[in-house]
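Residue numbers begin at 1 in each chain, while the letters A, B, ... track the order of the sequences. Values reported hereafter were calculated over all heavy atoms of this structure, with side chains retained and with hydrogens, waters and symmetry mates removed. Since this is a predicted model, take the numbers as computed values, not measurements.
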Amino acid sequence: MSQLTFQEAVIQGISEEMERDERIFHLGQDIGPIYNGAMHSAKGLGAKFGPRRIIQTPISESAMVGAGIGAALAGRRPIVQLMFAEFLGLGLTPLACDAAAMWYKSDGKVSVPLVIRVLYGAGPHRGHSEDYQAWVASVPGIKVAMPSTPRDAKGLMKAALRDNNPVVFFEHMALYHGARQEVPEDDYVVPLGAAEIKSEGSDVTIVATALMAQQSLKAAEQLRGEGISAEVVDPRSIVPMDVETVRRSVAKTRRLVVVSESWKTGDPLSDLTASIAEELAGEAPLKIARVGLQNTPRPFAMPLVRAAMPNVQTITEAVRRITESN
Amino acid sequence: MSQLTFQEAVIQGISEEMERDERIFHLGQDIGPIYNGAMHSAKGLGAKFGPRRIIQTPISESAMVGAGIGAALAGRRPIVQLMFAEFLGLGLTPLACDAAAMWYKSDGKVSVPLVIRVLYGAGPHRGHSEDYQAWVASVPGIKVAMPSTPRDAKGLMKAALRDNNPVVFFEHMALYHGARQEVPEDDYVVPLGAAEIKSEGSDVTIVATALMAQQSLKAAEQLRGEGISAEVVDPRSIVPMDVETVRRSVAKTRRLVVVSESWKTGDPLSDLTASIAEELAGEAPLKIARVGLQNTPRPFAMPLVRAAMPNVQTITEAVRRITESN
Amino acid sequence: MTPDANLLTSLYHLVAKGRVLESLLGKLPGFHPGVGEEGVVVGAFFGLKDSDYIAPHYRGALLAAHMRGADLRRLIAGVLGKVTSYSRGRVRGDICLPLQFNTLGMFSGVLGNPLNISTGIALAASLDEKQGVVVTSFGEGTSNLGAFHESLNLAACLALPIVYICQNNGYAMSTRTDYALKCTSIADRAQGYGMPGIRVEGNDVVAMHQAVQSAVARARAGEGPTLIDAVTYRISGHYSADPNDYQPKDERASWLKKDPLLLLKARLTAQGVMTDAQLAEIEKAAEAEITEAIAQAQADPDPGLEVLGPDDLYSPVLERVA
Amino acid sequence: MTPDANLLTSLYHLVAKGRVLESLLGKLPGFHPGVGEEGVVVGAFFGLKDSDYIAPHYRGALLAAHMRGADLRRLIAGVLGKVTSYSRGRVRGDICLPLQFNTLGMFSGVLGNPLNISTGIALAASLDEKQGVVVTSFGEGTSNLGAFHESLNLAACLALPIVYICQNNGYAMSTRTDYALKCTSIADRAQGYGMPGIRVEGNDVVAMHQAVQSAVARARAGEGPTLIDAVTYRISGHYSADPNDYQPKDERASWLKKDPLLLLKARLTAQGVMTDAQLAEIEKAAEAEITEAIAQAQADPDPGLEVLGPDDLYSPVLERVA
Ligand SMILES: Cc1ncc(C[n+]2csc(CCOP(=O)(O)OP(=O)(O)O)c2C)c(N)n1
Ligand SMILES: Cc1ncc(C[n+]2csc(CCOP(=O)(O)OP(=O)(O)O)c2C)c(N)n1
Ligand SMILES: [Mg+2]
Ligand SMILES: [Mg+2]
């Protein structure tokens, strides 16, 4: 066990898997030992694995994703770092239209074991915070991981690297160099598609990922002081979505607050909300509240950035709104 | 009034607006008088308006969208035809990351009056049926029209061409050369963001767009014979979404069936469902059922294409499922 | 290098077969036939190792896949969406090819993706150090996509073992090459990537084959990618239902004289490799084989709902790595 | 063409101002300064008409916008996210510019978009027949994006009035030009689009200005686009916090000798246009002006929540057209 930041945990996961599996290599802009990747997202990997496994590319996101897909088809297990989720659109067409469909359309003859890494989220960077998760999450065949803690980040990265399908791995910039956590050094994985109840409770279910999961935990703590017992569920992967864990929680609390740093239209958590409503709202009343990003482009000035996003206050308000009334 | 197909109605709308407004021009591959656009999507326009207003481009979707944005910034009102929604991803980055944000980020100094036309939907074509509507609908600042009838198609196209914001206009291939409808020749528009109740009813609300709206109307007819009165609401535009009209209908019926030809995760109709549940499920039980595209890539053989999609039978089944029980 | 009789004969078999295949499939609805472009296809993909990869342009793709060992009947069944096809009807078999033959097709309708993806296959080949190469082809219209630029540049930077062949048939749908490309030759684009750019008469299958083979040798030797502009002409319409009435008559007529099958036949008879009768024999055999394959494929059943695979979205997860 | 004293003086004012601006802003967190590249920026955008459009590369963008008439204090307020900025703090002012000065910036962090979009502005200009032109610049790293290829090709096909300038500073973050581009000059890429490609010493602001102006004249005359490879060097790190310890010492030293400000000063004194003292005067004035503008901008208030504009998503719909 060691105390790692989110960024260190991701790197440790990659490094362990690269040692274990010769087929893994890492492609990206400026990920070599000189620059070590945007925000040190590839720190130490270039020095350790050399330029044949840590391969720098020109600024060509579409070719980078395509190259990852092709190498995966030919037996490798590539990681492609696209710096920021903001650039996902440039590589989306080969990923979503072709790679995502290959297993199904080839009738199980070929698969694409490919991990795409992206930074996102309102953090220290000026901009680049957009997640555009709907672009990849909306297309069947792509898995999407969105961890909230160092431990989950490492375990999910290891799972992603052992997965035979394309996985887009979101790394939140506000968590990246943030709080350290005990992270096991042994061979654990956090499976894709397994939510975790981060805090148990009985009055209301809060669902959130990444930074919003952290904010929700803070909100839950505050609410506990007010006598409201909130259960915080972190899906950890957006696709596959562990609807079942959320359903069980909401079946118990009959109150659901969904917190998202994304825009609601097209948010995979909106689909989760709809699924829960479809399953649980038919027999008895079900209280639902959603807290999301302001429905405009992301502003720039920090006071505006903060005000456009959910935070502990807006989360607790939403919880109170649906718990008060009975 | 004349009897027009969907395709003829779209062209008539464009043609009328082009006559009225010199600033409008049309960009696309093979849209000139030789080929008249994929599926005759630009039929007659090249002959009528000539090569300075009907401009053919190389196969360069990203530059085409970018060119539309730039021309819009410089005072024109471009239409860019991307043939199929399948190619939206190639032009998504300039559209979603830049154009969609320009009004907000410039603090109202610049706007982007741009219409992007795409064909989609399981129809006569081999493939090209994917809609990827989540890619554009999930980003604030882009409007999305998805008409189900010739009359709506013309009216929405005219509204789109008078709108000051980027609008993505979806043209369903199975409706394209299908049933004719009386379409007014006068200056009507169908506003973006205004749902229409296509068939009134009191037991259940069915929400659907485009081909699925047509299927839902057939389903409603069949259900009427069984004594179930279904109200069919067609949002007509996916963004802005007329939540209010749907809410009013569901407040009356307390039963909602959402039919989509798209995948659920990231489907804007999932967000609609979540919104309705958020507003209406808290006080009393609310029955919800969703019928969507099979959660795999679209298959190719016709029997598989059909079986993967919602149809009259699966719609009526869903309605029965949530009406039976009380 | 004068080609020997064996090579000429092999090429002839393939071009003749290609002609029949493209002509007959061109009658099926929605097919994009490559009549007149068989020289490019055969020249591009003949003479590779089984372990090499190809990523053929969609026009002529079935001929290419067949050259790699894929069964004609099953390929054609793929065009028709029959259950006997390699994907059991799940994918458009006219443009998507069975990858088990190291042959990449289009898994969507989006041009350009195979350019990117085949570049990645070449990246894997370069890491494997088994001296495998990739040969990929695409239309001149497709060369205007960003995917072309990014792929060629990436391949040049990493000195990848790949040959890029532009099947330059003068048209992209109804758009003429001289409208959409203002360079003299697509080979002019090579300089921007610091790689060799070569223009070849694509209808001369021998010249085509030789140009590709030297680029392949270069790639195999680790000297990096090459761009080849293979000049040909689209005799067919864009697809079956295209009246193709927009090609200038004289242009068309002059190209009909340069038909790759005619050129090859003339060479075979001139060099005394085969007589007209022998040539006709081979064409007859090809016709019979393909007619039979089409008939069989047409008689094959549609997929049943067991192929629908609603739960077959993901490849099973590897529990442990090897 | 020997430049006259007036031109030299004007250029000097701008280069000197640019140097101060880039150096001082380079101390703000996250800024991407263009020290050493001011010759390219000034040469590219000097001498245009107000009705022309520019789309400058993000590195040096504020200098370019200021050359178009934008107020320094408000521009700098944009870098800091202050309410006095042109967007009231809604957008990253380091890379996004006020379009009311016919100056396009980046509305997102994605490189390449301005290439596509400025090509569209040129399309509008060509339709307007007012002989407006567009001058756009971008890094050599950015020239590896598909957007570059598609834009230049489209502009060539439609003979658009646009000048593409590659601000080739030897690096893209830590990636050297010779790693990411295997062509000799970015100008080599022009041939693939059938447009002129010109290599210029970007640090020679006069040569730069002249090359751009002849391309502008060509564009204005309806003769279509030009690609200019403006060779320069990134003296600054990629951004404020980049230690920039990866540039070879000798390479850096040799480029420091070719500093555009030094070159221009040498010329001005050699030609007797100005004395060292006069030059120093101008630099001092620039320093004062910019220090003042920065101080003002820093003292400006942050935006209040009235700027948040949760309902300001859409431009109001036109009820009726004009
Ligand atoms: C990205 C993309 N844009 C447009 C199309 C529609 N389309 C299909 S074939 C074709 C023409 C392709 O021209 P070319 O590359 O020259 O190949 P050819 O058809 O001439 O063999 C077009 C535009 C497509 N499939 N993909
Ligand atoms: C599409 C895209 N990919 C990557 C980045 C991250 N990035 C920002 S600046 C930069 C380097 C750009 O290099 P160049 O175009 O040469 O401009 P320079 O920084 O040298 O002025 C990169 C890779 C980006 N902003 N956009
Ligand atoms: Mg072609
Ligand atoms: Mg650079």
Listed partners of C:Asp52 passing salt bridge (charged side-chain N to carboxylate O under 4.0 Å, His left out), at least two apart | C:Arg220
Run the salt-bridge test on C:Arg92 and C:Asp94 with the 4.0 Å N-O cut-off and return the result as yes or no.
-> yes
Could you tell me which portion of A:Ile55 (side chain, backbone, both or neither) has an atom closer than 4.5 angstrom to a non-hydrogen atom of chain C?
-> side chain
Please determine if C:Arg68 forms a cation-pi arrangement with C:Phe45, meaning its NZ or CZ atom is less than 6.0 Å from the six-membered ring centre and no more than 45° off the ring axis.
-> no
With a 4.5 angstrom heavy-atom cut-off, could you sort out which part of A:Leu192 is near chain C: side chain, backbone, both or neither?
-> neither
Among C:Thr119, C:Leu104, C:Leu154, which has the most heavy-atom pairs under 4.5 Å with chain A?
-> C:Leu154
Max heavy-atom pairs within cutoff under 4.5 Å with chain C, candidates A:Ala72, A:Pro94, A:Gly70, A:Pro113, goes to A:Gly70
Partner chain C: residue of A:Gly75, A:Cys97, A:Ser111 with the largest heavy-atom pair count (under 4.5 Å) | A:Cys97
Is the shortest side-chain N to carboxylate O distance from A:Asp242 to A:Arg236 below 4.0 Å?
-> no
With chain C, the option among A:Met64, A:Arg52, A:Lys109, A:Arg53 that has the most non-hydrogen atom pairs under 4.5 Å is A:Arg52
Give, as side chain, backbone, both or neither, the part of A:Ile142 having an atom under 4.5 angstrom from any heavy atom of chain C.
-> backbone
Residue pairs meeting ring-ring contact (aromatic ring centres under 6.0 Å, His included), one or both in residues 61-86 of chain C, sequence neighbours left out, come to C:Tyr86-C:Phe101
So, the part of A:Glu22 with a heavy atom under 4.5 Å from chain C: the answer is neither
Salt bridge A:Glu196-A:Arg151, side-chain N to carboxylate O under 4.0 Å = no
Relative to chain C, which of A:Ala74, A:Pro240, A:Ala71 shows the most heavy atom pairs under 4.5 Å?
-> A:Ala71
Contacting moiety of C:Leu123, where chain A heavy atoms sit under 4.5 Å | side chain
Return the option, out of C:Leu160, C:Asp128, C:Val134, with the maximum number of heavy-atom pairs under 4.5 Å with chain A.
-> C:Asp128
Whatever's closer than 4.5 Å to a heavy atom in chain A on C:Leu158 counts as side chain
Atom of C:Cys166, atom of C:Gly139 and distance for their closest heavy-atom approach = SG-C, 3.9 Å
After noting the C-alpha distance and the side-chain angles of A:Glu171 and A:Ser41, does the key distance pass the side chain to side chain donor-acceptor pair (under 3.5 Å) rule?
-> CA-CA 9 Å; A:Glu171 305 174 25; A:Ser41 52; 5.9 Å; no
May I ask you to decide if the ring planes of C:Tyr239 and C:His32 are parallel, tilted or perpendicular, using 30° and 60° as cut-offs?
-> tilted
For A:Arg76, is it the side chain, the backbone, both, or neither that has a heavy atom closer than 4.5 Å to a heavy atom of chain C?
-> side chain
